[in-house]
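Everything below concerns the one structure shown next.
Hydrogens, waters and symmetry mates play no part in the numbers below; they use all other heavy atoms, side chains included.
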Amino acid sequence: MQVLEGIKVIDFSKWLPGQYAGMTLGDFGADVIKVEDVKGDVTRGFTPARMPGMSYWHLMLNRNKRGITVNLKTPAGREVLLRLLKEADVFLEGFRPGYLKMLGLDYETVSKINPRLIYCSITGFGPEGKYKHMPSHDLNVIGLAGVAAQEDGTDISVPSVQVAALGSSLNAVSGILLALYARERTGKGQAVNIDLYSTAIGTQITGISSVIGCKETGMPSFGRTASHYYTVYKTKDGRYLSIGTIEPKFWQKMCELVNLPELKERQFDFGYSAEIKAMLADAFAQKTQAEWLELIGKDEFCVTPVRTLGEALASDLTTEQSQMLETKAEDFGNYTYVKSAVKLSETAAQIERRAPYLGEHTDEVLGSIGYTKEEITAMRAKGEI
C-alpha cells in the first residue's frame, strides 16, 4: 500500500508548478485525474516530442495520472468538473485569480458542495493585490524577486533550473499534505494558496538574513553566495571547480592545495574579498580541471568539479548512489524517468502509469461518476468533453 492510496486528486494545472505537484502526489499513490481542455495542454506540443501530442515534458511530468478532456466553456463541461470535485480530496489548479470564479468553480462555491476538499491554487503573485493578474513565468518572477541578480545588479544569471516554479511545486505538495493532516483532526478542507513570488523570496532566506545583517551592523556586503570561499573558479581548460569551503578546516586545506598558505587566516577578510578572489582565480587557472581533481584525489574538502548535465546523468552519483533514473517499457517503447527524490522506507514512490494520451480515460472516469455510455457519446459529439 502506498501512503496516498485512497486520495483522489483533480489536477487542473497546465504548467510546470502544478504538473510537478500532481506528479509527486501520484508517485505516492494518489489517484490523480488530469483534466485538460479538448485541445490539450500546450506542453504536449513542446519539443522534443516522442510522438505527436506526447512530448518528453508531458511524459515525465504527467505520469501516474489518468487523463480526461472537458470543455469548461459549456455548462455540461462545468457540470463534469463539479461532479468530480464533489467526491475529490484535492483540487489542484494554476489559473490566474478570478478565472475559475467566473465559471462557478472557485473555492467558496466548490467548498459548499464538498467541505472536505483541499483546494490548492498556484499563481504568480497570489490571489490578492495589484499584481494578481500580472502574467509571469519563472524567469520573470526570479528577476522581480532578486534571485537572478548579484548584489549590485550588474552580474546577472539565467538559471537552468526553474527555481520559483519547482519550489512552488514542492510548497504546494507540502501545503496539500498539511491540509490533509489538518482535515484528519477537524473534518474540514481548506484553501491552499501558493505563489511563485513568495516562493522565490522564501528560498532566499539565508541570503536575506545576510543582507539584513550587513545593513543593520554596517558590515560590508560580501555577496549572498559568491564570496571568495563559496563560488566557482575557472580552470586552465575552461572548465570550473565548485569551491564550497565554508568550514575553516576546508578553507585552509584548499589554500594548501593551491599553494597560497598566506590566505589560510583570511577566510573572513571580506574587506579584501575581490583581491582574495583574484588570487584564487589566478591559481586555479594554472591547471586543468582534471589535473586539479587528480591532485585532490580522495581528499574531502568541498572542492568538486562543475559537471554538464550530461556528465551528471552518466555519473555513478546519479545512476548508483541516488538511483534517480528508471527506464520502463511503455506501449510506445522504452522511456527513462527521473524518479522521486523523496525516499520512504515503507511506502516508496512508484511509477506505475505512463502519462495519458489526450482524453484517454474520459469514458472510464465519467462512467465512475454516473454518466452513461450514451451520455458520454452525446457530450463528445457536442464538443463538451
Looking at side-chain heavy atoms only, is the closest gap between [X] and [Y] below 4.5 Å?
| X | Y | value |
| --- | --- | --- |
| Leu358 | Thr69 | yes |
| Pro115 | Lys188 | no |
| Thr308 | Arg239 | yes |
| Val70 | Phe12 | no |
| Gln204 | Val147 | yes |
| Thr74 | Lys382 | no |
| Val42 | Trp15 | yes |
| Glu247 | Phe301 | no |

Using a 6.0 Å cut-off, check whether atom [atom1] of [X] has over 12 heavy atoms from anything other than its own residue.
| X | atom1 | result |
| --- | --- | --- |
| Lys343 | NZ | yes |
| Gln321 | CD | no |
| Phe46 | CZ | yes |
| Phe332 | CZ | yes |

State plainly whether the residues [X] and [Y] are in salt-bridge range, i.e. N to O under 4.0 Å.
| X | Y | result |
| --- | --- | --- |
| Glu36 | Arg44 | yes |
| Glu360 | Arg354 | yes |
| Glu330 | Arg63 | no |
| Arg380 | Asp363 | yes |
| Glu108 | Lys112 | no |
| Asp37 | Lys14 | yes |

request  = Check for a donor-acceptor pair, side chain of Tyr233 on one end and backbone N or O of His228 on the other, with a separation under 3.5 Å.
outcome  =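 Answer holds: yes.
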
task = For the pair Tyr229 and Trp251, name the ring-plane relationship: parallel under 30°, tilted 30 to 60°, perpendicular over 60°.
result =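 Answer is perpendicular, since the angle exceeds 60°.
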
ask   = Do the ring centers of Phe284 and Tyr240 come within less than 6.0 Å of each other?
value =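 Here the rings of Tyr240 and Phe284 have centres that are no less than 6.0 Å from each other.
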
